[in-house]
Structure formats: structure tokens, C-alpha cells
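For reference, the structure discussed in these notes is given below.
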2 protein chains.
Amino acid sequence: MDRNAKKKATIYDLSVLSGSSPSTVSAVLNGTWRKRRIAEATAELIQELAEKHQYTANLQARGLRRSRSGLVGLLLPVHDTRYFSSMAQTFEAHVRSRGQCPVVVSACRDPQEERAVVETLLSYSIEALIVAGATDPDGVHQVLEAAGVRHVNIDLPGTKAASVVSDNYTGARLLTEAVVRRAGSSRPLDAGDLHLFGGRDDHASRERIRGFRDARVDLLGADPDGCITATGYSPGTSQRAFEAVFARDGRLPRALFVNSSINLEGLIRFMAHHPDDAFADLVVGCYDYDPFGSFLPFPVIMIRQDVEAMIARAFELLEEPRPAPRIHLIRPDLVPPRTALRGPLDALKDEAPAEPQAAPRPRAAAPSLSDGRTATV
Amino acid sequence: MDRNAKKKATIYDLSVLSGSSPSTVSAVLNGTWRKRRIAEATAELIQELAEKHQYTANLQARGLRRSRSGLVGLLLPVHDTRYFSSMAQTFEAHVRSRGQCPVVVSACRDPQEERAVVETLLSYSIEALIVAGATDPDGVHQVLEAAGVRHVNIDLPGTKAASVVSDNYTGARLLTEAVVRRAGSSRPLDAGDLHLFGGRDDHASRERIRGFRDARVDLLGADPDGCITATGYSPGTSQRAFEAVFARDGRLPRALFVNSSINLEGLIRFMAHHPDDAFADLVVGCYDYDPFGSFLPFPVIMIRQDVEAMIARAFELLEEPRPAPRIHLIRPDLVPPRTALRGPLDALKDEAPAEPQAAPRPRAAAPSLSDGRTATV
DNA sequence: TCGCATTGCACAATCGATGGTGCATCCACT
DNA sequence: AGTGGATGCACCATCGATTGTGCAATGCGA
């Protein structure tokens, strides 16, 4: 209640209380006290006092002194995608299990913002950083290298640091093949019936486009122009791209390769404005897995990037003293339409009552919200 | 390249280089130099040197000295949900626009973890914290209050700090009404045909259940027992709950109120194992909006919590010197089936090429992945 | 009882930035 | 020349924790 924020206890407070010196207190509380031959009794006393006064170390001071912070960072392009949010979820679990503190920040795919965010993290003596989907991984690398901070690219590779990347070429081939097979099962598919939407000029998009083209040549015997539309990673732009093609051709292509779930959002925006028969025949392949995206009213074949494996590999690389700046490919999985996969949330302990329970009826008509503590906007 | 992480330049380095004292350098570089009557020429010299040597302040040292860090935190239960990931996205934009550094962490709905995470953040002299969907907001409050750190609950209210919460009662009524209307339009709906799944014993669930019950009585004239199954916020548990009801009744209820998109994931897991006719008649209302969830093959009416408004209000409250510990309700929106709403990603500048572009063909059959820098897993 | 090895701990420097205080210097004016 | 007020900056303590070093007290054997 008091605004007079009671200052947190410090080792100096405890040193006065215990009659020991600050250095002794410090040693006891950070576990190095045996090495410093502190008597067991002294240690116990200090630990009790610490407990009693709710001592917690000032990590800025510790970080300043040790020039390391216990922070491990994940730099994302954006949060609001199941691909990246599952990455954040997985990342946090990994960092926690190593007793460190995860920090997740996003940089909006803006190279300047990426650098700025990394500078900020560096100023907090971050210990390691996973750089996910960075627009300018090498620029970020430069900053991190100069500061001597370990880092690994993930999702989009750089040329100067180790990178963990989905096998986008193989994934795209698989996806294209699956889409062609599915769309061709009703009636023969023409090469011109298969379009790719989404992506920009980044490594992932290039590889996927390459896989798409190769598979199309192999399976449909041709690779006509005008069937690839780069829209960037933006739902709005994607929607407009679909609208444009629809306006031009009077219909959507029968088979779509959608470069990411963000672009798939563009497709459903399009969908919201068009009658169902625009989708009657449609088969979609989509890079990135989204559980609900897998259950749309038309068949959506997805590629699930193996986020768990990618993060695990990234942490292995962070362990290595001098990881080579090469690309580590992780094979993604093809996900048939209407498939509900488990995700990182399933790993959470005790997230729910052990067994589904019938909810108890409220004791009375307790208007728990109408007791004067509420307001409406 | 060098592993010998060149130490970052400090004000002491610059003080030697410039021939001024460290305090002068400090004043120049943090903008207080006019107040300290430093000569313009001195300031310019130091600024040039700083630029040249890429000086960036050690924020841990600054934080230690000033006992504030420029960090603003968001504590989430989980990342991997569009509701919370959109909250993170919105939060970051707000914090950035205030020139501070956003930090997003999750605590897995575990009260212990919540406290621990907050302790950690406190140790970094975090300046303010938004506590979202905390299982034990008052426990968290106690820790924060003791440290004198401003904070606001969001999504789930506490009794001791200001809270910004969706109007869950009204939202649930709206949603229930919409579901009943929709499901009843084909043939009359019986009160027993309407079940609620999901939630646990938290404020949001209680309010939603209250709204659900009230609406059901109003519209269907009864509120039979056994139609509410609390599953917690877990897809797996939800799935099992649907399976159990299905096993018992041989079918799903015709109308479902699903307490959150996490529970809706349980429904699609169920769906993946059952033939389509189990869903022929189904009408679902779901709390939380997920763009893809809105386009499932059966009608899904959703409630979109106004994350933008909630975050905005939360920041207003953080401004206030002593916000009262009351609940601020934000009205959520009813979202008809197959609706694609804009989200925080739409606010990102220049996320894509201005106009959809045809992708250029690769210059050659450049096997950019087969140049020896790759590996497959 | 002397000497030497432990044992147990205190001292003080240090990490980098901040900000209150105070001391020269210079100019203007009487 | 002497006084007074700017002007421009240096000095130093401080934030809290860490860690190398050193010294008193104790124990033990000779």
C-alpha cells in the first residue's frame, strides 16, 4: 500500500544484521562460500536472514560486476503468428531448463529496428541470442560479434554465423507434390493452375520458390511465368494479390502454394468477401503450420517446421566454442489437411485439472462484478 | 572473427581520448550537458568520439546507479495463442513508442513461476509490468508492491491492483445468444443441446459461465445440470472432454460454447478423429478470436477481446500515480463466422513490397544451398 | 612453548554511469 | 586593484555485488 517502496535488502543490510562482512554475505548467497571456507554456521545464519528479509540479488549489480547477466534472448520478426509464438514458447522452456532468464523481443522485420534492439540487449549484457527470421542477419551479426556475444541464426540464415534453417527446398517440393497430387485427383491439373503467393526476397522464399518450380516442372512438365506473386509477409498485401488475380482471371487458380501462414491470412480475408464457390475446387499448400489453418473448409496441406528441433539445434550450436558459419538444415514435416498436432502448450505441466470436471454451480447468484468495483467502457 | 570480444568503449575510454573527465563525458552523452554548463565545443568533440568508437552506454551500470532500467515488462501465461501473441505484439508497439524497452516473458499459468519470473524482472529494475492472465495476480502484486513497481493486471483481475478486463459476462451473453439464434434457426434448440466446455476456476471463466447460464435461462427457459465441463486451458484435456461426451451421448451437443481458443484446439483434435457428420449440425461459439478459427467448416462465432483497447487502458493506468484497485471493463466484440479481422501485424510499416510483385526468376540454376555450406538432418 | 598449517573471515578494488559539490578562471564593473 | 558573478569543468561518493588478497585466530605436532 505504501508508495514508499521499501528498498530491497542488500548484502550490506544482511552484513550488518549478521555481523559478517558484505563479501561473506555475498559468498554465502551465491554459493561460493565453501570455496571461500566460510563456516557452516555462518552460512546458515546468513541464509536464514536472507530468507527472513526476502533478499534477492540485484541482478544489474551482479551483471555489472561479472559483465554477464543470465539473460538469453530471442529476436523475432513478429509475435503474432503461431510459427513464431510456438518458437517463443519452446525457446522459453529451453532457457528456463538451463536456469537462465529468457527474453523475447520482436523487431518487425525492420533492419534498423533489428540492430537497435540488439544494441539494447547488448547493453544489458545478454549472454546469447537466437536471431530468428532476421531481415539482415549479417548486420546483426556484426554488432553481436563486436561485443563477443554468442548467437545463432534461425529460420533465415546469415553468411557469417551458424544458422539453423528449415529445409525449405525439400519442404517446398514435398508441399508442391502433395498439392499437385491432391488437386489432380479430381481432374488433371495444368501447370498454369498452380500459383505461388507470398514471400519476399529472402532465403526462405527463394528456396521455396526453387522447390516449387522444380516440382512443377517434374510433375506438370512446365513452369509458366506469371504464376508467382511475391507479397511480402503481410496479410493485407496478400489479400490484395488474391483479389488482383481473381479480378484478372475471374477465379482463383485451382491450386495454391501459399508461402506462409501470414499469407494464408490474406487468403481468408479474400475468402470473407467472396462466395463459397470460389473455393469449391481449391487445394492449398501452406508453409508454416497453424492448427486452425489446417481445418479450413477447403483442403489445406501444411508444412510444419520442426521448431523444437530447430531450437534444440540452435542451443547446441550456442554451446560450441566456435561454430562454423554454415547452414544446418532441419527437415520439416508435411501435414495433411485436417490434422491437429500437439504443440509446445502440451508440454506444460498441470495446465488443467487432472480430469475434466463438471463445474460447480455458483453458491448464490453472486454478482461478483456488480459490487461497485467495476466500470464499463 | 576474433574471439577476443573487443570490450565496449566506456565513458572512461572517451574521457581519456577527449581529455575531459568521465562525468563530463557522461553528461554529454546522456543529454544533461547543458544543465551542467558544458561548452558546446566540448560536447561536440565528445559526441564525435563516441560516434567514432561506437560508444553505447552500459545499461546495467546506468540502471544500477539510477535504480531504473528503461525496461517495461509483459507477463503472459503462454505465448502460443493468437490472443496472447497479439497482446505481445500490441504491447511492444506501445512500449517502443514511449522510447522504452519491451520485455515479454511467460509463466505457464504456474503461480510459483509467476512469482519467480517477477522476482527476476524486479532484479533488473524493471519500471512497470503488465500482468496478463496471471493465475495468482494478488501474489504477484505483493511482490511488486513491496518493490514499488507500477503494475496493472489485464485479462484476469486481482483485488489489489488496477485491472483491465474484458466484459466477460456481457461477452458470454452475447456469444450465447448468437449461438442459440444460429443453432435454433434450422430447428428448435433444447436447453440440453447447449454445452459449455473449457475454463477453470478463474474470474474470466466464472463470469463467462454466469453469462452463459443467464442467457440460457432467458432464451431457452432452463439451465440443466451437466452441460458445463471445465477442462482448464489445455487442448489435450479439452479433447478428452469432447471425446467423453461423445462416447456418452453418441454425438456432440448441437451447440457449443467454447471457453477459449485453446479449448477450440481441443475440438479440432476431436474433429480430426471423427467423421464429418459429427459436425454437420454443429454451431460453436468461442471466446477469443483466431482468424483461422473463424473459418472452420462449421459456423464458429467468436468473441474478440479488444486487445488494443485493453493495452491502451493499461498504459493509462500505469501513468496514474495511485490507480485504485478496481476493475476496468472493456467491451469485447462479437465476430460472426468467417470473418477476417485486421490485427496488430497490419500496423507494421513497410512489411512488404508496396505492390504485389511478380518474383524475378533466379539468375541461373543457382544451387545456393549446395555449395558445401549445408548439411541435412 | 615455538612454529607452521589451517581455518575463517575482513578489506578493498572493481564493474560503468550518475550527479551533487566545489574550485579555478575570466570578464565586467567600481 | 579588488569584488562579484558567471562559466566550465573536475572530483568523488554512490548504486550492489564479486573476488583477489591478506591477516588474525586456532589447532597441532615437536
Side-chain angles (χ1 to χ4, degrees), chain A residues 5-46 50 53-70 119-120 122-125 127 147-148, chain B residues 5-46 50 53-70 119-120 122-125 127 147-148:
Chain A
K6 310 145 197 110
K7 305 296 292 176
K8 289 176 57 174
T10 71
I11 53 170
Y12 297 94
D13 301 332
L14 295 183
S15 105
V16 172
L17 290 169
S18 69
S20 308
S21 76
S23 58
T24 300
V25 174
S26 170
V28 168
L29 294 176
N30 67 31
T32 59
W33 56 282
R34 292 191 182 283
K35 204 168 63 192
R36 290 177 84 84
R37 299 178 322 197
I38 307 291
E40 188 109 23
T42 311
E44 276 171 14
L45 169 63
I46 291 176
H53 294 272
Q54 306 199 45
Y55 170 85
T56 58
N58 180 322
L59 297 184
Q60 302 211 66
R62 172 179 296 169
L64 174 58
R65 183 57 231 257
R66 291 218 275 219
S67 67
R68 19 173 298 175
S69 61
E119 295 275 9
T120 304
L122 282 180
S123 304
Y124 285 106
S125 307
E127 293 188 19
Chain B
K6 310 139 198 124
K7 307 293 293 175
K8 290 176 57 175
T10 71
I11 54 170
Y12 297 94
D13 301 332
L14 296 183
S15 106
V16 172
L17 290 169
S18 70
S20 307
S21 76
S23 58
T24 299
V25 174
S26 170
V28 168
L29 294 176
N30 68 30
T32 59
W33 57 281
R34 292 191 181 284
K35 204 168 61 192
R36 288 178 86 82
R37 298 177 324 196
I38 308 291
E40 188 108 23
T42 312
E44 277 171 14
L45 168 63
I46 291 175
H53 294 272
Q54 306 199 46
Y55 170 85
T56 57
N58 180 323
L59 296 184
Q60 302 212 63
R62 173 179 295 168
L64 174 59
R65 183 56 230 260
R66 292 216 278 219
S67 67
R68 19 172 301 174
S69 62
E119 296 274 10
T120 305
L122 282 180
S123 305
Y124 286 105
S125 307
E127 293 188 20

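Reckoned from all heavy atoms, side chains included, excluding hydrogens, waters and symmetry mates. This is a predicted model, so every value here is computed, not measured. Protein chains get the first letters and strands the later ones, always in sequence-line order, with residue 1 at the start of each.
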Of the listed D:dT18, C:dG19, D:dC15, the closest approach to the A:Asn30 side chain comes from D:dT18

Interatomic distance, A:Lys35 NZ vs C:dT7 P [rounded to whole Å]:
17 Å

Donor-acceptor pair, distance only, cut-off 3.5 Å: does the side chain of A:Ser69 make one with the backbone of A:Ser125?
yes

Quickly work out the A:Leu122 CG to C:dG16 C1' distance and round it to whole Å.
16 Å

Measure the spacing between CZ of A:Arg66 and CG of A:Leu59 and express it to the nearest 0.5 Å.
9.5 Å

Indicate yes or no for a side-chain donor-acceptor contact from A:Ser21 to the backbone of A:Thr24 under 3.5 Å, with no hydrogens or angles considered.
yes

Between P on D:dT19 and CZ on A:Arg62, what's the gap in Å once rounded to a whole number?
9 Å

What's the shortest heavy-atom distance between B:Arg36 and B:Ala27, and which atoms?
CD-CB, 3.5 Å

Ignoring hydrogens and angles, answer whether the base of C:dT14 and the side-chain atoms of A:Arg65 contain a donor-acceptor pair closer than 3.5 Å.
yes

What is the distance from CZ of B:Arg66 to P of D:dA13, rounded to the nearest Å?
22 Å

Rounded to the nearest angstrom, tell me the gap between atom NZ in B:Lys8 and atom P in C:dC15.
16 Å

Do any N or O atoms from the side chain of A:Ser26 and from the backbone of A:Pro22 form a donor-acceptor pair under 3.5 angstrom?
no

Between CD1 on residue A:Ile46 and OG on residue A:Ser18, distance to nearest 0.5 Å:
4.5 Å

Nearest whole angstrom, please: distance from the P of D:dG16 to the CG of A:Leu14.
12 Å

Nucleotide N/O to protein N/O under 3.5 Å, stretch nucleotides 9-11 of chain C:
from, atom 1, to, atom 2, distance (Å)
C:dC9, OP1, A:Thr42, OG1, 2.5
C:dC9, OP2, A:Ala39, N, 2.5
C:dC9, OP2, A:Thr42, OG1, 3.2
C:dA10, OP1, A:Gly19, O, 3.4
C:dA10, OP1, A:Ser21, N, 3.4
C:dA10, OP2, A:Ser21, N, 2.7
C:dA10, OP2, A:Ser21, OG, 2.9
C:dA10, OP2, A:Thr24, OG1, 2.6
C:dA10, N6, A:Arg36, NH2, 3.4
C:dC11, N4, A:Ser23, OG, 2.8

Return no unless some side-chain N or O of A:Tyr55 is found under 4.0 Å from OP1 or OP2 of D:dA17.
yes

Using whole Å, what does the distance between atom C1' of nucleotide D:dA17 and atom CG of B:Leu64 come to?
9 Å

Would you mind reading off the distance between B:Trp33 atom CH2 and D:dA10 atom P, rounded to a whole angstrom?
15 Å

Minimal non-hydrogen separation, A:Tyr55 against A:Ala9, with atom names:
CD1-O, 3.3 Å

